[in-house]
Amino acid sequence: MAREIAKAYEPQQIEPRWAEYWVKQELFKADPSAPGPVFSIVIPPPNVTGSLHIGHMLEHTEIDILTRWHRMRGYNTLYLPGTDHAGISTQRVVVKQLMDQGIDYQKLGREEFEKRVWAWKAEAGSQITEQMRGIGESCDWSRERFTLSPEMSRVVRKVFVQLYNEGLIYRETRLVNWCPVCLTVLSDLEVNHEERLGHLWYIRYPVAGTEESVVVATTRPETMLGDTAVAVNPEDERYSGLVGKRVVLPLMNREIPIIADSMVDREFGTGAVKITPAHDPNDFEVGKRHGLAEIDVMRDDGRMSGAAGTYAGLDRFEARKKIVEDLKALGLLEKVTDHTHAIGICERSKTIVEPRISTQWFCAMKGLAAPALRAVREWEPGKENTIQIVPDNRRQEFLNWLDNIRDWTISRQLWWGHRIPAWYCGGCEEMIVAEEAPTRCVKCGSGKLRQDPDVLDTWFSSGLWPFSTLGWPEKTADFEKYYPTSLLITGYDILFFWVARMAMLGIHFTGKVPFRAVYLHSLVRTGSGEKMSKSKGTGLDPVALNQQYGTDAMRFCLASMAAPGTDIVLSDDRLAGARNFANKIWNAARFLFLNLDKFEQRGTGIEELASPGVRSGAPYAFEGSVPLVDQWLYSRLTITIETVNEALKNYRFHEAAQDVYQFFWGDFCDWYIEWVKPELQSENRERAVVAWKNLFAAFNDALRLLHPFMPFLTEELWHQLPQAAEAKSIALDPFPTPRTHWTTGGKEIGLMGQFQMMQEVVTALRNIRAEMKLDPKKKMSAELYSFDGVTRDAMERSKDGIVRLASLSLLTISSKPLEQAGGAVRSTAAFDVRIAYSDAVDGEAEKTRLKKEIEGLQKAISSKESQLGNETFRSRAPEKIIRGLEATLADQRIELQKLRERLAELERHR
RNA sequence: AGGCUCGUAGCUCAGUUGGUUAGAGCGCCACCUUGACACGGUGGAGGUCUGGGGUUCGAGUCCCCACGAGCCUACCA
């Protein structure tokens with residue numbers, strides 16, 4: 001039966017079929033009772049509102065490569081998928097959607113709103129997981145989790161209550177980060193600091209009952225309405241007479257004291273600072289020290305409050321303008337200067353964050369951080385219950401941050417999230433914290449209980465992810481088998497948000513680290529080097545690109561650029577290169593299929609040619625020995641398998657990808673296939689069959705080697721090749737293992753070296769043809785000389801191959817040096833080749849080439865000579881280096897000698 | 001303010017403990033519609049590793065300084 005296969009690879013025709021097959025067949029369902037070492041990984045749950053962006057594509061590619069690689073190597077593998085309820089962003093999305101329908105969510109009420117969000121989630125929340133299926137991620141979909149599911153909620157409540165009972169969660173009134181747009185408190189991490197150009201306003205405050213005054217400098221004049229003091233440094237003689245006196249607060253006509261506090265920097269501004277405890281973190285501390293009143297002049301939406309007098313109701317920025325104008329009119333504005341300072345921005349709404357006094361829930365961090373710190377600090381290979389962080393420089397960042405950690409604000413004023421399990425008694429104001437809703441007050445017995453309206457920071461539930469998803473607190477089979485997870489792959493931008501919190505909570509609650517290693521992947525940047533951003537429209541849509549180039553190409557491209565610690569700049573050129581690679585493999589397969597057809601036409605059956613036994617038995621011998629080209633190719637294969645394993649073990653995806661690429665394209669296609677072509681057609685049936693079997697087995701290994709990187713293409717081709725009857729997927733086939741009998745025994749290097757010399761001969765001959773502009777169609781005869789009998793014998797055996805690949809008509813191998821006259825010569829230390837021809841030689845070009853080469857060699861030789869002539873070098877350098885240097889020098893001297901003779905020859909015949 | 005990273009071929013980047021003429025992809029030049037592949041084949045050109053100093057027998061690789069780019073942390077009004 002002739003096989004139909006398209007001339008070019010068309011991923012669009014193939015990918016959806018396999019994506020569906022993998023999910024339907026449940027190929028990647030984990031079995032905790034199965035044997036083998038464990039590899040488990042949980043997904044960093046993407047936002048349910050989200051769609052796959054390029055960062056996910058990179059992250060998921062890396063996860064899937066390592067997952068498939070481990071699975072093929074016989075690990076009991078779990079890749080657990082899921083999504084995050086993403087409090088603020090999901091709420092924002094649904095609020096906006098309702099607004100578009102003319103519905104005010106506040107009026108809808110909390111319960112109804114929550115229903116709408118769940119409805120929305122049911123309808124649209126599976127977009128990203130569908131996309132994940134589409135790109136072929138080898139997840140166990142039967143274990144998909146959602147951070148706000150009832151099961152996860154139970155875990156959240158249990159954890160909250162325990163932390164509360166341990167005194168690690170507490171409720172307190174203090175100055176927090178408030179977003180006037182999101183209308184919720186934020187944690188420190190959700191506030192980004194940006195340098196912005198602002199102003200410093202110098203405002204004169206008259207001292208009460210005198211003609212004196214004090215000038216204060218501020219970046220936020222609107223907060224002056226809430227001033228409750230002016231502070232100076234106690235050491236500052238300029239103001240020593242004023243401390244204890246009172247100033248009249250302009251615009252408000254309120255008298256406030258002048259106090260002394262060492263926090264005031266005498267050098268900054270005027271050395272006198274207004275104190276607004278309700279609106280500035282520093283001032284809040286000063287206020288506490290001095291027992292000052294806290295006057296909140298702003299509402300939660302950023303407008304001025306009733307306490308702001310005539311400015312009440314104005315937006316904070318309008319109020320600023322108005323206040324500055326009014327001060328100017330009163331002659332109290334001394335001057336205004338430009339001033340650059342860091343300003344807090346809400347990472348969601350991008351508005352300026354307002355420090356605000358508020359009662360919130362906090363989680364004490366110091367005690368939780370210490371064991372996490374130790375787990376990371378004490379990591380070393382193989383050490384139990386420690387965490388490796390890769391790349392290494394992030395580890396230091398992690399330790400620094402945890403060292404200086406501050407308490408975490410965990411409550412949020414949202415409706416979408418895990419509601420805080422705290423109830424307040426309407427009778428006695430007692431607070432009850434419990435896993436299940438209490439029916440009456442434990443203190444006064446009242447049944448009038450209301451639950452705390454706030455929800456928990458989304459990262460609180462994400463922090464439990466590695467164990468909550470595996471069934472904790474029950475001792476489930478999954479938890480026992482797959483926890484701690486083997487590895488976490490995520491972006492460094494959430495190292496603190498997420499990784500640190502998982503480490504802390506994981507150790508605290510399970511006594512074990514949640515993951516043995518964390519690999520922090522790179523960021524994908526645009527062509528101009530910027531961080532990709534949807535809002536700026538600079539983001540690339542991976543789904544569209546996958547459509548255009550193929551998911552395999554995208555995966556391979558990302559992997560080949562994913563060097564640890566280096567950001568990735570993705571380009572069309574690069575993607576096209578990966579697509580071309582996929583096409584190359586496709587066509588190599590096409591070549592195999594065409595040959596298989598020919599064999600079948602000639603009556604050799606598929607059973608003989610491609611039984612599973614054929615693959616493990618290769619390489620096969622012909623007439624008693626394995627052909628040189630097979631010895632070489634299988635050695636290269638072994639080396640490639642080893643380097644790929646080593647690279648993936650160390651998260652060096654780019655190296656692994658590069659090695660596979662080089663092997664498949666450079667070795668397998670460019671040399672091996674070309675070399676064995678005539679042998680596949682050999683009249684000698686045994687010769688042809690051996691060639692086929694070796695080709696087929698090597699290709700099979702190469703496909704499996706490539707599978708973690710390009711799952712679709714390799715699955716497709718694997719199924720088109722003959723497989724064992726019960727085989728379902730290449731993903732379940734073993735990863736190739738080194739064919740050790742071809743790398744041990746010390747023979748291998750010699751054999752590889754022999755074939756490499758053939759390659760050098762062929763390249764030298766091709767070089768002559770190209771440089772001398774010989775007609776490519778015209779077959780020429782050539783001569784080869786080597787002083788070494790072993791080399792000559794090897795050449796003799798490989799003669800047919802050389803003749804074919806260098807387009808010769810005849811190759812003569814001689815034990816006598818070549819005649820100097822006529823044609824063009826190329827030399828290495830080991831051999832000389834010449835193509836004889838009668839046309840006029842472009843002597844000048846050849847001379848220039850020779851001179852250049854001579855110059856380069858001379859430089860290399862003299863540097864080696866001086867190094868080897870140096871006694872200190874000889875006494876201190878390792879023996880291996882010295883001997884290597886000497887051997888190279890000897891070769892180079894021979895080459896130089898030959899080049900000089902050749903040049904002299906040309907000059908004689910000018 | 002503190003900490004960190006980077007600066008290698010026209011472009012994007014590799015280069016693991018310092019060691020033999022510094023690599024890849026893309027781009028470029030020349031030739032080739034050869035029976036797997038023009039999403040291809042063959043051959044080739046092109047860097048002295050930002051600059052300066054130092055350690056060393058030996059430095060792209062280690063140290064210091066300068067210049068340039070970026071990241072993280074941070075309550076100086």
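Every chain is numbered from 1 and lettered A, B, ... according to where its sequence line falls, protein lines coming before strand lines.
- Glu674(A) contributes a side-chain N or O that forms a donor-acceptor pair with the base of rA36(B) under 3.5 Å.
- Residue-level contact check: Pro878(A) touches the bases, meaning some heavy atom is under 4.0 Å from a base atom.
- Among the atoms of the strands shown, none is found under 4.0 Å from any heavy atom of Ser807(A).
- Separating the NZ atom of Lys859(A) from the C1' atom of rU20(B) is a distance of 15 Å, rounded to the nearest angstrom.
- Within 4.0 Å of Thr888(A), counting heavy atoms only, lies at least one base atom of the nucleic acid.
- Within the structure, a side-chain polar atom (N or O) of Lys864(A) is placed less than 4.0 Å from OP1 or OP2 of rU21(B).
- Note on Glu771(A): only backbone sugar-phosphate atoms sit closer than 4.0 angstrom, heavy atoms only; bases stay farther off.
- Rounded to whole Å, the C1' atom of rC63(B) lies 11 Å from the corresponding atom of rA59(B).
- With salt bridges taken as basic N to acidic carboxylate O contacts below 4.0 Å, one links Arg849(A) and Glu853(A).
- Ring geometry for Trp665(A) against Phe581(A) counts as parallel: the plane angle stays under 30°, on a 0 to 90° scale with 60° as the upper cut.
- Place Phe581(A) and Gly577(A) on RNA chain B by their nearest nucleotides, and Gly577(A) ends up nearer the 5' end.
- The main-chain N or O of Gly869(A) is never found under 3.5 Å from a side-chain atom of Arg874(A) such that the two would form a donor-acceptor pair.
- Remark: the separation of the C1' atoms in rA14(B) and rC26(B) is 14 Å, to the nearest Å.
- Rounded to whole Å, the C1' atom of rU8(B) lies 9 Å from the corresponding atom of rU48(B).
- Counting any heavy atom pair closer than 4.0 Å across all strands shown, Lys677(A) reaches a base atom.
- Comparing the same atom, P, in rG23(B) and in rC29(B) gives a spacing of 24 Å after rounding to whole Å.
- Put simply, the side chain of Lys584(A) and the base of rC37(B) share a donor and an acceptor less than 3.5 Å apart.
- The side chain of Lys773(A) places no N or O atom within less than 4.0 Å of a non-bridging phosphate oxygen (OP1 or OP2) of rG43(B).
- One finds no side-chain N or O of Asn870(A) lying less than 4.0 angstrom from the OP1 or OP2 phosphate oxygen of rG58(B).
- The base of rC26(B) has none of its N or O atoms less than 3.5 Å from a complementary donor or acceptor on the side chain of Asp573(A).
- Under the Watson-Crick or G-U wobble criterion, with both distances below 3.5 Å, rG40(B) is paired with rC32(B).
- Under the Watson-Crick or G-U wobble criterion, with both distances below 3.5 Å, rG46(B) is left unpaired in every strand shown.
- The base-pairing partner of rC6(B), taking Watson-Crick or G-U wobble contacts with both distances under 3.5 Å, is rG68(B).
- A donor-acceptor contact under 3.5 angstrom links the side-chain atoms of Gln892(A) to the base of rU21(B).
- Across the strands present, rU17(B) finds no partner; the criterion is a Watson-Crick or G-U wobble pair with both atom distances under 3.5 angstrom.
- For the pair Glu846(A) and Arg826(A), the salt-bridge criterion is met [side-chain N within less than 4.0 Å of a carboxylate O].
- Between Arg220(A) and Glu354(A), at least one side-chain N (NZ, or NE/NH1/NH2) sits under 4.0 Å from a carboxylate O, which counts as a salt bridge.
- Taking a pair to require two hydrogen-bonding distances under 3.5 Å in either a Watson-Crick or a G-U wobble arrangement, rA1(B) pairs with rU73(B).
- For rC76(B), neither phosphate oxygen OP1 nor OP2 lies less than 4.0 angstrom from any side-chain nitrogen or oxygen of His341(A).
- The existence of a salt bridge linking Arg174(A) and Glu294(A) is excluded, since no basic side-chain nitrogen approaches an acidic carboxylate oxygen closer than 4.0 Å.
- Heavy atoms of Gly884(A) sit under 4.0 angstrom from at least one base atom.
- For the OP1/OP2 pair of rG41(B) and a distance below 4.0 Å, the side-chain nitrogens and oxygens of Trp665(A) include at least one atom meeting the criterion.
- Nearest to the side-chain atoms of Arg574(A) among the listed nucleotides rC37(B), rU12(B), rG40(B) stands rU12(B).
- Using a 4.0 Å heavy-atom criterion, one finds that Lys777(A) contacts the sugar-phosphate atoms exclusively.
- Across all strands shown, rG25(B) forms a Watson-Crick or G-U wobble pair, both distances under 3.5 Å, with rC11(B).
- Between Lys852(A) and rG44(B) there is no side-chain polar atom (N or O) within less than 4.0 angstrom of OP1 or OP2.
- Spacing of P atoms, rG43(B) relative to rG7(B), comes out at 32 Å, to the nearest Å.
- Taking atom C1' on both nucleotides, rC13(B) is separated from rG54(B) by 30 Å, rounded to a whole Å.
- Between rA69(B) and rC32(B), the distance separating the two C1' atoms is 44 Å to the nearest Å.
- Comparing the same atom, P, in rA77(B) and in rC64(B) gives a spacing of 32 Å after rounding to whole Å.
- Between Arg196(A) and Glu194(A) there is a salt bridge, since at least one side-chain N of the basic residue sits less than 4.0 Å from a carboxylate O of the acidic one.
- The shortest distance between the side-chain N/O atoms of Arg590(A) and the OP1/OP2 oxygens of rG35(B) is not below 4.0 Å.
- At the phosphate of rG44(B), OP1 or OP2 sits under 4.0 Å from a side-chain N or O atom of Asn767(A).
- In this structure, Arg874(A) and Gln658(A) both approach RNA chain B, and ranking their closest nucleotides by distance from the 5' end singles out Gln658(A).
- Following rounding to the nearest Å, His654(A) (NE2) and rC13(B) (P) show an atom-to-atom distance of 13 Å.
- Contact annotation for Val264(A): base contact, defined as any heavy-atom pair under 4.0 Å involving a base atom.
- The CE-P distance, from Met561(A) to rU12(B), rounds to 10 Å in whole Å.
- The side chain of Asp265(A) approaches rC76(B) more closely than any other nucleotide in the set rU48(B), rC76(B), rG43(B).
- Nucleic acid contact class of Phe284(A) (heavy atoms, under 4.0 Å, all strands): none.
- Contact check on Glu397(A) versus Arg394(A) returns a salt bridge, with a Lys/Arg side-chain nitrogen under 4.0 Å from an Asp/Glu carboxylate oxygen.
- Note on Arg883(A) versus Glu886(A): no salt bridge recorded, every NZ/NE/NH1/NH2 to OD/OE distance being 4.0 Å or above.
- Residue His279(A) is classed as having no contact, given no heavy-atom separation below 4.0 Å to the nucleic acid.
- A sub-4.0 Å separation between OP1 or OP2 of rG15(B) and a side-chain N or O of Arg652(A) is present.
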